[in-house]
Visitor: 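First, the structure itself, so that you have it in front of you.
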Amino acid sequence: MGAPLAWSVYDRAGKLLFVQGMVLVCQAHLDIILERGLVVPESRSSGGVVLPAAVIDASGALAEGADAAEEADDTPRVPEVPVFRAMQLLRRELRQLHDDLLACESDELGGQARELALRLQALVERDADAALAAMQLEVGDDGDVARVLHAATLCQVLVQAQQLDPEEGVSLVAAALTYDVALGPVAAVLNRQTGALTEDQRLMIDTHPLAGVELLQAAGVDDEVWLEAVLQHHERLDGSGYPSGLEGDAISPGARMLAIVDIYSAMVRPRAYREAIHARHALRSLFLERGKAVDGPLASLLVREIGVFPPGTPVRLANREVGVVLRRGSDAARPLVARLINANGTLAAIAAHRDTAQPEYAITETVPPYKYQALVASASELWSSDRAMPRR
């Protein structure tokens, strides 16, 4: 417990429970493994073999003689894909999953969504800053799926901060990966549209939470936490939401979390009728709505966890340098920045670190990513070392 898993763990039916690299951080994680079975590798480079419960002692350790199942070989281990890059790859898989859900391809797609949720959790646990940066910078053009993956990443950050039960956490992240699936056919059109919605478009928007639940049920999802969060993610505390106009405690905790990450991830992305809203302004808007439309403690927690300038945010410093937020700081407004452009406007040869708690490196403004497109595209290398750093 407390160390990254050396291999993925499945139950006895072959269902993925925990992904390689995920950290078991509490007794509940260990209990899940002990109750449902354990898969260990036959070697460091091959598949797995189920160990009978008899070889696992009460502490969760392998009993004497059981280590034969882990016979090591000399095959070198393949290096893990850096988190920033892995997030981009995960987005492609999410796009395919959404397409399959819309086509009702299989009643086992719910299991695939849950597996993606577990993998996303493992990436955020490895390096939350890199995962957040990959979504904040939004490298690529698959905007709608990128937004959903961004929302799910934020959801996992909140799950970790609240130390939720592991099963509930997986359900909520899976919900965040799938809550807008019913809007898939029209999302791109709506994002480009500058005029008023048609009657059919309004109907689709108003009913997409219900349609999403139906698609998920057809995909084999029967998880109440998951389905309830999807159904209620547009409900608002003051009763102004839809589809049922629920108020206050009638809205599930999971739906409250999805509402906040959905609003934020949408605001920081451009639409045909407006530019992208800077992260700090989006967070401020959420903060002002706390206790009215959105859950107050959750809004405050999001600001505290991702910071006023989340990782991946391009910023200008007091000394006129331009950089990108690399790591969050213990102070939400004073992150660690990697300098990318010198004060004279030339490209910096070295991405020197700038502590924005120092007056000469204080952040004076955020800058739109599109103004430094080529720079932003290469910024992924800043997180390629995949070395998570503690928040200062």
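Bear in mind that the values here come from a model prediction, so they are computed numbers and not experimental data. Counting begins at 1 with the first residue of the sequence.
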Visitor: Nearest 0.5 Å please: distance from the OH atom of Y264 over to the CG atom of L286.
Guide: 9.0 Å
Visitor: Quick check: does any side chain N or O of T198 sit under 3.5 Å from a backbone N or O of Q201, one acting as donor and the other as acceptor?
Guide: yes
Visitor: Quick check for you: to the nearest 0.5 Å, what is the distance between L164 atom CG and L158 atom CG?
Guide: 9.0 Å
Visitor: If we ignore hydrogens and angles and just use 3.5 Å, is the side chain of R280 paired with the main-chain N or O of P310 as donor and acceptor?
Guide: no
Visitor: Do the ring planes of Y242 and H234 sit parallel (below 30°), tilted (30 to 60°) or perpendicular (above 60°)?
Guide: parallel
Visitor: Less than 4.5 Å apart, side chain to side chain, heavy atoms only: is that true for L326 and P335?
Guide: no
Visitor: Under 3.5 Å, side chain of H233 to main-chain N/O of M257, donor-acceptor pair present?
Guide: no
Visitor: Can you find a pair of side-chain heavy atoms, one from C104 and one from L215, that are under 4.5 Å apart?
Guide: yes
Visitor: Within the side chain of T356, is there an N or O that forms a donor-acceptor pair under 3.5 Å with the backbone of Y361?
Guide: no
Visitor: For the atom pair CD (E115) and CG (L120), what is the distance rounded to the nearest 0.5 Å?
Guide: 12.5 Å
Visitor: So, are E167 and R114 salt-bridged, with charged N and O less than 4.0 Å apart?
Guide: yes
Visitor: For the residue pair F84 and W383, categorise the inter-ring angle as parallel (less than 30°), tilted (30 to 60°) or perpendicular (more than 60°).
Guide: parallel
Visitor: Does the side-chain contact (heavy atoms from CB on, under 4.5 Å) test come out yes or no for H150 and R269, once each step is laid out?
Guide: CA-CA 11 Å; H150 192 182; R269 281 168 170 74; 2.9 Å; yes
Visitor: Short question: side chain of T313, backbone of V325 - any donor-acceptor pair under 3.5 Å?
Guide: no
Visitor: Before giving the answer on side-chain contact (heavy atoms from CB on, under 4.5 Å), spell out for L172 and E168 the whole-Å C-alpha distance, their side-chain angles and the decisive distance to 0.1 Å.
Guide: CA-CA 6 Å; L172 292 177; E168 182 182 5; 4.1 Å; yes
Visitor: Quick one: are Q217 and D222 in side-chain contact, heavy atoms under 4.5 Å?
Guide: no
Visitor: Looking only at atom types and distance, does a side-chain atom of D238 sit under 3.5 Å from a main-chain N or O of S240, one as donor and one as acceptor?
Guide: yes
Visitor: Distance only, no hydrogens: is a donor on one side chain within 3.5 Å (strictly under) of an acceptor on the other, for R339 and H353?
Guide: no
Visitor: Nearest heavy-atom pair of V268 and A276: which atoms, and what distance?
Guide: O-CB, 3.3 Å
Visitor: Mind checking the CD1-CG spacing from I205 to L197? Nearest 0.5 Å is all I need.
Guide: 4.5 Å
Visitor: R92 vs Q96, test: side-chain contact (heavy atoms from CB on, under 4.5 Å). Steps then yes/no.
Guide: CA-CA 7 Å; R92 296 179 188 175; Q96 185 60 55; over 6 Å; no
Visitor: Is I260 close to L298 at the side-chain level, that is, under 4.5 Å between some pair of heavy atoms?
Guide: yes
Visitor: Under 4.5 Å between any side-chain heavy atoms of S285 and M267, yes or no?
Guide: yes
Visitor: Is Q358 atom CD crowded by more than 12 heavy atoms from other residues, nucleotides or ligands, each under 6.0 Å away?
Guide: yes
Visitor: For R284, check side chain to side chain contact (heavy atoms under 4.5 Å, CB included) against everything at least two apart and list the hits.
Guide: L288
Visitor: Could you tell me the separation between the CG atom of D100 and the CD atom of E93, rounded to the nearest 0.5 Å?
Guide: 11.5 Å
Visitor: Would you confirm whether T178, through its side chain, and V181, through its main-chain N or O, come within 3.5 Å as a donor-acceptor pair?
Guide: no
Visitor: Is a donor on one side and an acceptor on the other found under 3.5 Å between the side chain of S106 and the backbone of E108?
Guide: yes
Visitor: Looking at R256 and D249, does any basic side-chain N land under 4.0 Å from a carboxylate oxygen?
Guide: yes
Visitor: Is any side-chain heavy atom of L283 closer than 4.5 Å to a side-chain heavy atom of I306?
Guide: yes
Visitor: Tell me, do R202 and D206 make a side-chain contact under 4.5 Å, heavy atoms counted?
Guide: yes
Visitor: Thinking salt bridges, do D180 and R147 make one under a 4.0 Å N-O criterion?
Guide: yes
Visitor: Below 4.0 angstrom, N of the basic side chain to O of the carboxylate: do D355 and R327 qualify?
Guide: no
Visitor: Is there a side-chain contact (heavy atoms from CB on, under 4.5 Å) between V148 and H98? Walk through the geometry before answering.
Guide: CA-CA 11 Å; V148 170; H98 278 208; 4.3 Å; yes
Visitor: Taking L94 as the starting point, is it possible to reach V157 by hopping between hydrophobic residues whose side chains are less than 4.5 Å apart?
Guide: yes
Visitor: Under a 4.0 Å N-O cut-off, is there an ion pair linking R328 with D129?
Guide: yes
Visitor: Given the rule that I, L, V, M, F, W and Y join up when any side-chain heavy atoms are under 4.5 Å apart, are V294 and L237 in one cluster?
Guide: no
Visitor: When you check the side-chain N and O atoms of Q160 and Q156, is any donor under 3.5 Å from an acceptor?
Guide: yes
Visitor: Could R354 and E321 be called an ion pair, given the rule that one side-chain N must be under 4.0 Å from one carboxylate O?
Guide: yes
Visitor: Can you find a pair of side-chain heavy atoms, one from V324 and one from V315, that are under 4.5 Å apart?
Guide: no
Visitor: Between G184 and L102, what is the shortest heavy-atom contact and its length?
Guide: CA-CD1, 4.3 Å
Visitor: If every non-hydrogen atom of A182 is compared with every non-hydrogen atom of A211, which pair is closest and at what distance?
Guide: CB-CB, 3.7 Å
Visitor: Would the distance check show the side chain of R290 and the main-chain N or O of F287 forming a donor-acceptor pair, the cut-off being under 3.5 Å?
Guide: yes
Visitor: Ignoring hydrogens and angles, tell me if any N or O in the side chain of S265 forms a donor-acceptor pair with the backbone of V261 under 3.5 Å.
Guide: yes
Visitor: In Å and rounded to the nearest 0.5 Å, what is the CD to CD1 distance from E228 to I251?
Guide: 10.5 Å
